[in-house]
Amino acid sequence: MAAAPQTARAGTVAPTDGFVVAETPGRLTASPLMRRRWRNFRANKRGYRSLWIVGVMVIASMFAELIANDAPLLLRYDGDFYFPVFVTYPETEFGGVFETEAEYLERPVQELIAAGDGWMVWPPIPFSHDTIDLYTEGAVPEPPSRRHWLGTDDVGRDVAARIIYGFRLSVLFGLALTLFSSVIGIAVGATQGYFGGLVDLFGQRLVEIWAGLPALFLIIILSSLIEPNPVALLALLLLFNWMALVAVVRAEFLRTRNFDYVRAAKALGESDVTIMTKHVLPNAMVATLTYLPFVLNGSITTLTSLDFLGFGLPAGSPSLGELLAQGKANIQAPWLGLSGFFALATMLTLFVFVGEGVRDAFDPRRSAT
């Protein structure tokens with residue numbers, strides 16, 4: 001019978017495959033294994049630089065309202081300062097006649113503010129994702145110009161602003177879908193792999209049947225039956241996206257469940273849930289983490305595909321897929337398709353490079369140079 005593992009000394013936490021850090025009074029110190037993995041990741045220059053680029057892009061997109069907005073960042077009127085990007089002001093506040101929100105791009109509103117000895121500080125892109133420019137120089141879609149860096153779409157909305165907001169929406173939606181699908185997939189795979197036997201047999205058959213369904217066609221059919229909204233679309237995609245991690249987690253649990261430390265934990269009377277979450281899952285997460293960037297890529301690609309086909313987010317939402325669809329419908333305006341393509345290709349490529357860096361960092365056969 002395997003001997004029970006020794007109890008960790010007071011003031012420390014026994015590391016489990018490098019995910020738990022050693023705790024000393026006053027500070028937390030990463031385990032040597034995690035430090036080695038971080039060095040391996042940094043040694044992958046392409047993945048490391050891609051992580052920095054993606055991080056800057058994501059953080060910048062979180063402040064999209066300060067980069068692309070049809071409301072000024074700062075406004076001075078009649079000696080007072082206003083912050084229209086944060087606070088909604090009626091037109092009557094500036095001497096107008098309408099009690100609705102002031103349209104700062106409208107020339108009558110700008111003349112009212114100028115008459116009050118006022119001025120405005122605009123964001124770099126003075127258009128939001130849903131702003132229709134009524135003062136374009138030519139017919140829409142308008143080609144790139146100093147007013148619209150990447151041109152406008154077929155209704156006069158700024159393409160650059162829609163890409164910024166669309167990038168944020170795609171990343172947030174992809175992260176949410178990856179998070180929820182990972183939780184379900186890990187739970188299913190862990191249950192199959194840990195208990196084995198009939199649980200694994202019947203569970204695997206159900207997973208194989210579910211994986212054999214034409215997911216995209218079913219999602220299109222179901223999405224056409226409901227009112228499109230982000231929550232409903234997330235739930236529909238979650239029905240099929242959770243299977244991505246089942247196989248790898250199941251394999252890790254099947255491999256680990258008969259290890260000596262798992263048998264020792266059972267001998268000490270620990271529950272199955274405790275053993276699965278505390279002892280086996282950290283080891284299975286090594287392989288799982290290497291898949292997450294690619295699962296995120298798949299989530300973003302699925303959302304883009306549905307938006308391109310017209311079964312995704314509600315009409316008017318800042319969507320890269322909708323921008324690609326406009327490029328297809330307006331071949332005389334190549335900037336639409338090219339802008340959407342390069343935005344999507346850049347985003348997915350960077351995530352793939354980050355995923356490759358994470359995969360190499362957790363590869364035990366590699367060592368930092």
Side-chain angles (χ1 to χ4, degrees), residues 53 55-172 313-320 322-323 326 333 335-336 338-340 342-343 346-347:
I53 296 174
V56 171
M57 293 172 61
V58 171
I59 293 175
S61 68
M62 295 299 110
F63 300 94
E65 287 77 9
L66 302 180
I67 301 174
N69 207 319
D70 56 1
L73 301 176
L74 177 65
L75 185 152
R76 179 181 172 87
Y77 174 78
D78 198 19
D80 297 324
F81 289 96
Y82 300 85
F83 301 91
V85 73
F86 301 111
V87 182
T88 300
Y89 300 104
E91 186 179 311
T92 54
E93 185 75 22
F94 309 108
V97 296
F98 297 104
E99 296 184 357
T100 56
E101 181 180 1
E103 298 289 343
Y104 301 96
L105 290 176
E106 298 289 340
R107 290 172 183 171
V109 175
Q110 295 180 359
E111 293 173 355
L112 288 173
I113 296 174
D117 195 22
W119 44 264
M120 294 179 286
V121 177
W122 288 93
I125 301 176
F127 303 97
S128 186
H129 67 89
D130 56 352
T131 304
I132 298 177
D133 188 4
L134 302 177
Y135 301 99
T136 56
E137 297 180 357
V140 295
E142 189 180 40
S145 62
R146 294 184 61 182
R147 182 175 177 86
H148 299 283
W149 299 349
L150 297 178
T152 66
D153 61 9
D154 55 6
V155 294
R157 296 172 299 191
D158 188 83
V159 173
R162 290 187 66 80
I163 286 179
I164 294 173
Y165 283 88
F167 173 83
R168 179 175 68 177
L169 180 61
S170 297
V171 170
L172 292 179
L313 296 171
S317 299
S319 165
L320 299 179
E322 190 262 349
L323 184 60
Q326 286 205 23
W335 58 87
L336 293 176
L338 291 176
S339 298
F342 282 110
T346 301
M347 176 172 54

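For the single chain, residues carry numbers from 1 onward in sequence order.
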Which atom of Pro126 lies closest to which atom of Pro124, heavy atoms considered:
CD-O, 3.7 Å

Working to the nearest 0.5 Å, report the span between CG of Leu336 and OG1 of Thr152.
7.5 Å

Return yes if some donor-acceptor pair links the side-chain N/O of Glu142 with the main-chain N/O of Glu137 below 3.5 Å, else return no.
yes

Close side-chain approach of Asp153 and Val140, heavy atoms under 4.5 Å
no

What's the shortest heavy-atom distance between Pro72 and Pro123, and which atoms?
CA-CD, 4.4 Å

Are Leu74 and Phe83 close enough that some pair of their side-chain heavy atoms sits under 4.5 Å apart?
yes

Compare all side-chain heavy atoms of Met347 with those of Val171 and state whether any distance is below 4.5 angstrom.
yes

What heavy-atom pair brings Tyr77 and Glu93 nearest, and what distance separates the two atoms?
CE2-O, 3.7 Å

Nearest-0.5 Å distance, OG of residue Ser339 to CD1 of residue Ile163:
4.5 Å

For residues Glu106 and Glu91, determine if any side-chain heavy atom of one lies less than 4.5 Å from a side-chain heavy atom of the other.
no

Quick one: are Val85 and Tyr104 in side-chain contact, heavy atoms under 4.5 Å?
no

Sequence neighbours left out, what passes side chain to side chain contact (heavy atoms under 4.5 Å, CB included) with Arg76? Give chain and number order.
Phe81, Trp119

So, Arg162 side chain and Ser128 main chain: donor-acceptor pair closer than 3.5 Å or not?
no

Do Asp133 and Asp158 come within less than 4.5 Å of each other through their side chains, counting heavy atoms only?
no

Closest non-hydrogen atom pair between Ser61 and Ile164, with its separation
CB-O, 4.2 Å

Neighbour count above 12 (heavy atom, 6.0 Å) for Asp80 CG:
yes

Ignoring hydrogens, what is the shortest heavy-atom contact between Ala343 and Leu320? Give both atom names and the distance.
CB-CD2, 4.4 Å

State the CZ-CE distance between Arg168 and Met62, to the nearest 0.5 angstrom.
6.0 Å

With the side chain counted from C-beta on, respond yes when Asp130 and Tyr165 share a heavy-atom pair under 4.5 Å apart, and no when they do not.
no

Rounded at 0.5 Å granularity, tell me how far CE in Met120 sits from CG in Leu105.
8.0 Å

Approximate separation, where rounding is to 0.5 Å, of Ile67 CD1 and Glu65 CD:
9.0 Å

Taking Trp149 for the side chain and Val159 for the main chain, is one N or O donor matched with an acceptor at less than 3.5 Å?
no

As an exercise, state the distance from CZ of Arg147 to OG1 of Thr136, rounded to the nearest 0.5 Å.
8.5 Å

Can you check whether Phe94 reaches Leu75 side chain to side chain, under 4.5 Å on heavy atoms?
yes

